[in-house]
Every structure is written in structure tokens, then in C-alpha cells.
Student: 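The structure follows.
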Protein chains: 2
Amino acid sequence: MIDILLHPPDAPTRILDAAAAIVQARGVSGLTLEAAARDAGVSKGGLLYHFASKEALLDAMLRRLADFMEREYEACVAAQPPGPGRVARANLDWGFGEGELSCNERHDMAGAVFRAAFHHDPALLDPIRAVIARMRRDSAGDGLSPGAGDAISAACDGMFMARMFRLYTPTTDERAAMRRALERLMEPSP
Amino acid sequence: MIDILLHPPDAPTRILDAAAAIVQARGVSGLTLEAAARDAGVSKGGLLYHFASKEALLDAMLRRLADFMEREYEACVAAQPPGPGRVARANLDWGFGEGELSCNERHDMAGAVFRAAFHHDPALLDPIRAVIARMRRDSAGDGLSPGAGDAISAACDGMFMARMFRLYTPTTDERAAMRRALERLMEPSP
DNA sequence: CTTGACATACCGTCCGGCCGGTATAGCTAC
DNA sequence: GTAGCTATACCGGCCGGACGGTATGTCAAG
């Protein structure tokens with residue numbers, strides 16, 4: 001914290017933060033260069049000095065998100081004891097856990113950035129796609145019966161989408177029941 | 001087909017179709033009133049005669065989508081033999097089937113309309129939310145162990161999202177394996 | 001002659017991007 | 001050490017185009 005106070009974030013970081021916050025609060029259409037610049041405490045010219053176009057800004061936002069996702073994924077995996085189903089357990093913790101790693105405002109912001117980038121150009125999602133491909137490769141070597149790992153991560157994706165678009169909000173009990181159901185998939189096939 | 005040729009769709013239907021096709025082909029930002037009108041073979045004024053604003057157009061698009069979703073859901077359920085897990089089996093058929101009901105261009109168009117509406121105003125998704133709520137009520141009385149039905153439909157949602165955002169495309173074998181894995185959740189709890 | 005179903009022309013706004021300017025820091029020559 | 005040069009990191013204003021929406025005209029059917 002002292003470090004943060006002594007070393008306030010530089011302009012590019014502030015711009016990225018402000019842009020992400022705007023998208024989360026006011027939606028994709030609320031993200032304009034002027035608004036992002038103002039909220040970051042720089043002028044529009046200053047923003048364009050760091051990010052030459054709106055696309056460049058969104059690209060940087062998404063790359064940062066992909067990096068963050070990958071680190072979070074690695075942390076979830078590292079927190080699980082080794083052995084079969086390690087990746088699946090990490091996925092369940094990410095999608096159904098109650099701690100700071102799951103379903104909080106950070107996920108909302110990730111969803112908002114995600115939608116904003118796709119809105120502008122679907123190709124901007126490529127860094128995210130690379131992370132997902134890596135996760136799927138890991139999942140394939142997770143030692144579970146075929147399809148179990150994919151099914152678990154698809155269910156986590158579904159929960160993510162439901163929250164991102166505010167489709168429904170399961171109760172804590174329902175979430176726990178879903179998790180227990182999915183954990184059955186990690187048992188060896190009968 | 002003869003009927004279609006003899007009774008060409010009226011202007012509102014053509015406009016709705018054209019708008020959906022534009023969103024699918026050129027993205028949310030490609031949907032302008034001018035473009036929708038042109039593709040539907042009417043002028044911009046003609047479009048605004050039927051849909052007083054862009055929001056009204058999107059609202060009509062989404063209501064039509066919700067109606068379609070509900071009818072499709074009912075058809076999927078009706079196609080399943082009665083008994084426990086009927087709704088879950090319908091969901092699996094919808095999300096993992098190979099027939100005309102699953103994962104084709106119609107789903108892509110649904111996703112595009114969905115994103116367009118959310119982009120303009122998240123409240124426009126309310127008709128879809130109502131359909132989902134109804135499906136979840138049905139699922140709760142499906143006679144499966146707690147969480148199983150929700151987990152299955154969440155996995156189907158995840159597949160839908162993966163396709164909507166082109167995140168990854170599992171092979172036919174992988175999809176079949178996922179389905180078999182999820183079908184294990186319909187067996188009674190051990 | 002009225003009304004429904006459009007067409008045409010236009011307006012105001014908003015937004016992305018460009019440009020000219022500027023303060024500051026660092027470096028170099030003398 | 002200081003005058004001059006250059007690069008960095010911005011500021012503020014402007015422009016052009018696109019887009020949503022309006023106002024008005026048209027015209028066939030009943």
C-alpha cells in the first residue's frame with residue numbers, strides 16, 4: 001500500500017483501469033476515448049499518445065486480462081494437490097468456490113472487458129483463446145475419464161456466462177449442489 | 001415453401017430477419033437502421049414506421065428470439081419419453097445433439113441477437129430471462145438428484161457461450177464424450 | 001378523400017482520430 | 001555552468017463521418 005502511494009500507477013495503467021471500470025459500470029457503449037481519458041486523469045490527446053487508437057486500447061485491455069486469467073488459473077492449479085483431476089478441481093474452485101477467486105466483481109470486470117473487445121473485433125479475443133487452448137490441453141492430460149474434464153469446465157463457463165449476462169443467480173445451496181454433482185464426474189467410470 | 005413463395009414475408013418480418021442476419025454477419029456495431037432497412041428492401045423511414053426506434057427494433061428481435069427459444073425447448077422436452085430426467089435429456093439433446101436443433105447457424109444467430117440486445121440495454125434480455133426461469137423451474141421438478149439438472153444445463157450454456165464467442169470448437173468425439181459424462185449425472189446418486 | 005405504408009431529405013449529436021502546441025527532463029557542446 | 005538541442009509526455013481544440021431520429025412528401029387502396 002505504501003508502495004502504491006509512493007509509486008502511483010503510471011498513465012497507461014490508469015487508462016487501462018479506467019477503461020475497464022467504465023465498461024463494467026456503463027456498458028460497452030459507454031466506453032469512449034474521452035470518458036476513459038477523463039476518468040484516468042489525462043486528456044484525450046494524452047490517451048492517444050499511449051494507445052494510438054481505440055482498437056489498440058482494447059487490445060491492451062484484453063492482453064492484460066488474458067495475462068491475469070492465466071496467472072489466476074495457474075494459482076488455482078497450484079493450490080490443488082497433485083494427482084488425477086487436479087485441473088478439474090482447480091476449475092471447480094474457480095467457478096464454484098466462495099473465496100476471492102470466484103464470482104466477484106473481478107469476474108464481472110473480466111466479462112465486461114471480454115464483451116467490449118468482442119464487440120469491437122472478435123479477433124481481439126485471440127489472447128484469451130490461447131489461454132483457453134492451454135487450459136484445454138492441460139485438462140486433456142488430467143487423468144479423468146474422457147469428457148469429464150471438458151464437461152466440468154463447460155459447466156463453469158456456463159456459470160460465468162449466466163453471471164456475465166445476469167441470466168439467473170443460483171442460490172449458494174444450488175451452487176454447492178451443482179459442485180457436488182460435478183465432483184461425481186471425477187470418480188472413475190463405473 | 002410454396003406458401004412462402006406465395007406469401008412473401010411482410011415488411012416487419014423482413015426487417016427483423018435482415019437485422020438478425022446483419023448482426024450475425026457484421027457484428028453488433030454493423031447493425032444500423034440504414035443497413036437493416038436496405039437489406040430488408042425498405043427505406044429507413046419505412047423501418048421507422050414499423051419500429052419507432054432502434055430500441056424498439058431490438059426489443060422485437062429479442063421477443064421473437066425468446067418465443068422461438070421457448071417453442072424449441074418445448075419441442076425438445078416433448079421429444080423425450082416421460083420420466084425422471086426428461087428436462088435434462090432435452091437440454092442435452094439441445095446442447096449436444098447433432099440434429100438440426102443444435103449448434104448450427106440458428107444458434108449463431110440467436111447468440112448474435114442476444115449480444116446485440118445486451119449491448120444496447122441489458123434489460124432487453126428480460127424475455128429471455130423469463131424463459132430461462134421457466135426452464136429452471138421445470139428442471140427443479142425433473143426428479144434428478146440435487147444439482148444434477150443445473151449442472152447439465154450449465155454445461156450446455158457453456159458450450160453455447162464457447163460457440164457464440166468462438167472460444168474453442170470441440171471435435172465431434174469430444175462432444176460425444178462430454179455428453180456421455182454428463183449423462184452419468186442422471187443416474188441416481190450412489 | 002382519407003388513411004396506411006412507405007420514400008426522401010434533412011438535422012443534431014456524438015465520437016474517433018489528427019494536429020499544433022507546450023512543459024519538462026536529459027544530454028551535449030562550449 | 002549554462003545555452004541550446006532533442007525526446008518524452010502530455011494538453012486542448014478541431015474536423016469529418018456516421019448514425020439515430022424527425023419532418024414532410026407520395027401514392028395506391030378502399
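Proteins get letters first, then strands, A, B, ... in listed order; numbering begins at 1 in each. In this text the structure is predicted, and so the values were computed from the model without any measurement.
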Student: Is A:D142 paired with A:R86 through a side-chain N to carboxylate O contact shorter than 4.0 Å?
Tutor: no

Student: Charged N to carboxylate O below 4.0 Å: is that the case for B:E174 and A:R136?
Tutor: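 Judged by the 4.0 Å cut-off on N to carboxylate O distance, B:E174 and A:R136 do form a salt bridge.
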
Student: With a strict under 4.0 Å distance from non-hydrogen atoms of chain B, what nucleotide opens and what nucleotide closes the contacted stretch of DNA chain D, reading 5' to 3'?
Tutor: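 Counting from the 5' end, contacts occupy D:dC19 to D:dT22.
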
Student: Walk me through it: do B:V42 and B:I15 pass the test side chain to side chain contact (heavy atoms under 4.5 Å, CB included)?
Tutor: CA-CA 8 Å; B:V42 296; B:I15 291 168; 4.1 Å; yes

Student: Which residues within residues 44-57 of chain A lie with some heavy atom under 4.0 Å of an atom in DNA chain D?
Tutor: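 Per residue number, the list reads A:G45, A:G46, A:Y49, A:H50.
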
Student: Salt bridge check, A:D93 against A:R89: does any charged N sit closer than 4.0 Å to a carboxylate O?
Tutor: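 Answer for the salt bridge query: no.
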
Student: In whole Å, I'd like the distance from the CZ atom of B:R38 to the P atom of C:dC6.
Tutor: 18 Å

Student: Students often mix this up, so state it plainly: with edges at 30° and 60°, are the rings of B:F165 and A:F114 parallel, tilted or perpendicular?
Tutor: perpendicular

Student: Could you grab the distance from atom NE2 of A:H119 to atom CG of A:L31, nearest 0.5 Å is fine?
Tutor: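 One finds 9.5 Å between NE2 of A:H119 and CG of A:L31.
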
Student: For B:R64 and B:D17, run salt bridge (charged side-chain N to carboxylate O under 4.0 Å, His left out): C-alpha distance rounded to whole Å, both residues' side-chain angles, the deciding distance at 0.1 Å, then the answer.
Tutor: CA-CA 10 Å; B:R64 199 172 67 153; B:D17 290 342; 2.9 Å; yes

Student: Using the closest heavy atom to pick a nucleotide of DNA chain C for each, name whichever of B:P12 or B:E34 lands nearer the 5' end.
Tutor: B:P12

Student: About how many Å separate CE of A:M178 and CG of A:L182, when rounded to the nearest 0.5 Å?
Tutor: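 So the CG of A:L182 and the CE of A:M178 are separated by 6.5 Å.
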
